[in-house]
> 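Take this structure first; my questions come after.
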Amino acid sequence: MAAEIKNKPEVSSLYILKAIFALVVVAIHTPPLEHVINSSLMSPIAVAAVPVFFAITGYFLYTDRREDLVPRTKKMLFKSIKIWIITNIVYFLYHTAMGKILYSSWSDVGSFFILGMTNEGILWYLYALVNTLIIIYLLFNIKAYKAIYFLPLLGFITLFLGKYSFLLGSEETILLDFNFLGCGLPYVALGFCIHRYESVLLKYSWLDLTAVILIFNWIEMALLGSLADQYWGRFFFTMPLTGAFLCLAISRKEYGAESIFATIGKKYSGNIYYFHFLIIYIFRVVIDKVLPFTSDFYQNVGFILVFFASLIVAQGIVWIQDRFQWDILR
């Protein structure tokens, strides 16, 4: 998605993984699959969607040439900042055109500075990525290279300050699930570590391990549901599952090379993520104000309509950039 760089190794299976989770993200927000994908059976996969994108970024960030880490991270950082600014402007203009007053309360202002979103929930990912890359850039700049190998621990620490805080007698909060501390840093670092120790990790059967970890996710969900009625946000086994998905993909690096899914993952998945909610808004406006009789139709095929409309928009954005030799929104 946002922070990939040129001259990275071609791993078609990772592009397919990106395409699959782009589909999952759209399914989370559209009928009729939103109830299916958010069900107890599919929830662990849905929850892992954004962490997978962070981990793939970390995988491509890694290089065994330490002298390349600072410029590599800097390049990713500036590209992510540009995408975050552009997408916020696009959604700001849309909401303004629709007559929605943004920043009408201090809560709205806080959402922007804490989560980095212009009243747009999905953009927290980009802000978390920007903050994550700033911190990693600073660490690499002071040559604290080994610090990144400890950052995945943040994923577990923030869980005990959030979802599992009831064990400490505190009220749970979801804030740590949607920022750089709880999701950005630990999962980018996870992808980085997986690339670093790839040769060791690929000695294992990741298809079997992924299945086992998924079962543990379901057990964890059942326990949380009975103890604290907690189904939102990341789980303890979200990080192992995210790592398993990544390892499963890189164990079959050439899988799906030149396929449509690989192309979607490589060229269009980012813009599908950034703008699919804009497509959803447009469909809702059209249905509510122009074609109310199509409401039932949208409820039945909304996922298909939104995904393919988002794909067309993504193709258009990439085509324009290719035509003018830009490399901004990818």
Side-chain angles (χ1 to χ4, degrees), residues 1-3 21-22 24-29 34 37-38 43-58 77 80-81 83-85 87-88 91-92 95 102-103 105-136 151-166 170-191 217 220-221 224 228-239 241-242 270 272-278 280:
M1 289 168 74
F21 279 99
V24 169
V25 169
V26 175
I28 290 170
H29 300 131
E34 56 188 337
I37 204 73
N38 288 306
S43 185
I45 296 173
V47 169
V50 173
V52 163
F53 286 121
F54 278 123
I56 291 174
T57 294
L77 172 59
S80 298
I81 290 173
I83 295 173
W84 174 66
I85 291 172
T87 51
N88 265 291
Y91 279 100
F92 179 85
H95 287 306
L102 301 177
Y103 310 122
S105 67
W106 284 111
S107 176
D108 293 337
V109 176
S111 291
F112 180 78
F113 285 104
I114 296 172
L115 302 177
M117 55 194 191
T118 311
N119 261 20
E120 205 50 61
I122 60 168
L123 298 185
W124 74 267
Y125 160 79
L126 288 168
Y127 192 59
L129 183 59
V130 168
N131 283 287
T132 293
L133 291 173
I134 288 173
I135 292 171
I136 292 175
L151 292 179
L153 294 174
L154 275 174
F156 299 109
I157 293 171
T158 52
L159 271 178
F160 282 100
L161 296 175
K163 183 190 292 290
Y164 282 94
S165 59
F166 71 91
S170 304
E171 269 196 44
E172 62 276 358
T173 174
I174 64 171
L175 271 182
L176 292 175
D177 265 32
F178 301 102
N179 64 16
F180 69 98
L181 283 174
C183 208
L185 275 171
Y187 285 93
V188 169
L190 175 68
N217 266 264
E220 180 184 8
M221 282 189 63
L224 276 173
D229 193 28
Q230 292 293 346
Y231 291 106
W232 48 260
R234 293 173 297 116
F235 301 95
F236 182 88
F237 280 99
T238 298
M239 181 167 287
L241 185 62
T242 301
I272 289 172
Y273 178 93
Y274 310 144
F275 298 113
H276 77 280
F277 234 97
L278 183 62
I280 292 172

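FYI, the numbering just counts along the sequence from 1.
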> Taking all atoms of both residues into account, what is the closest heavy-atom pair of A46 and V24, and its distance?
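Between these two residues, the closest heavy atoms are CA-CG1, 4.0 Å.
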> Atom CE in M239, atom CZ in F156: separation rounded to 0.5 Å?
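Between M239 CE and F156 CZ, I get 5.0 Å after rounding to 0.5 Å.
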> Closer than 3.5 angstrom, by distance alone: can the side chain of N217 be matched with the main-chain N or O of P44 as a donor-acceptor pair?
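Judged by distance alone, no pair lies under 3.5 Å.
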> Measure across A55 and T242 and return the closest heavy-atom pair with its distance rounded to 0.1 Å.
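Heavy atoms of A55 and T242 come nearest at CB-CG2, 4.0 Å.
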> With K163, which of L224, T238, T158 fulfils side-chain contact (heavy atoms from CB on, under 4.5 Å)?
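Result for side-chain contact (heavy atoms from CB on, under 4.5 Å) with K163: L224.
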> Can the ring centroids of F180 and Y127 be said to lie less than 6.0 angstrom from one another?
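Aromatic pair excluded; centres sit 6.0 Å or further apart.
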> Give the C-alpha distance, both sets of side-chain angles, the deciding distance and a yes or no for side chain to side chain contact (heavy atoms under 4.5 Å, CB included) between I136 and L185.
CA-CA 8 Å; I136 292 175; L185 275 171; 4.0 Å; yes
> Using 30° and 60° as the class boundaries, would you call the ring planes of F178 and W124 parallel, tilted or perpendicular?
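Perpendicular: the ring planes of F178 and W124 meet at over 60°.
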> Would you call L129 and W84 a side-chain contact if the rule is heavy atoms closer than 4.5 Å?
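Result no, sub-4.5 Å side-chain heavy-atom pair not found.
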> Between H276 and V25, is the side chain to side chain contact (heavy atoms under 4.5 Å, CB included) condition met? List the steps.
CA-CA 9 Å; H276 77 280; V25 169; 3.5 Å; yes
> Which atoms form the tightest heavy-atom contact between I122 and H29, and what is the distance?
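The answer is CG2-CE1, 4.0 Å.
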> Okay, side chain of R234, backbone of G155: is any donor-acceptor separation there less than 3.5 Å?
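The answer is yes, because a donor-acceptor pair under 3.5 Å joins these two groups.
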> Any idea how Y125 and F54 line up, ring-wise: parallel (<30°), tilted (30 to 60°), or perpendicular (>60°)?
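Answer is tilted, since the angle falls between 30° and 60°.
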> Considering non-hydrogen atoms only, spot the tightest contact between S43 and F235 and give its length.
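So the minimum-distance heavy-atom pair works out to OG-CE1, 4.3 Å.
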> Do P186 and L151 have side chains that get closer than 4.5 Å, going by heavy atoms?
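They are not in contact (no side-chain heavy atoms under 4.5 Å apart), so the answer is no.
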> Ignoring hydrogens and angles, tell me if any N or O in the side chain of E220 forms a donor-acceptor pair with the backbone of F237 under 3.5 Å.
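Yes: the side chain of E220 pairs with the backbone of F237.
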> With a 4.5 Å limit on heavy-atom distance, are the side chains of L126 and Y274 in contact?
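Yes; the side chains approach each other to less than 4.5 Å.
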> Could you give the distance from CG (L181) to CD1 (I157), rounded to the nearest 0.5 Å?
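Going from the CG atom of L181 to the CD1 atom of I157 covers 10.0 Å.
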> How far does CZ of F21 sit from OH of Y273, to the nearest 0.5 angstrom?
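If I round to the nearest 0.5 Å, the distance is 13.5 Å.
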> For L278, is there any backbone N or O sitting under 3.5 Å from a side-chain donor or acceptor partner on Y91?
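Answer holds: yes.
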> To the nearest 0.5 angstrom, please state how far the CD1 atom of I135 sits from the CG atom of L154.
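That separation rounds to 8.5 Å.
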> Checking the side chain of N131 only, and the main-chain atoms of I134 only, is there a donor and an acceptor separated by less than 3.5 Å?
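No, because the side chain of N131 does not come within donor-acceptor range (under 3.5 Å) of the backbone of I134.
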> Identify the heavy atoms of N179 and A128 that sit nearest to each other, and give their distance.
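Minimum heavy-atom separation between N179 and A128: C-CB, 3.7 Å.
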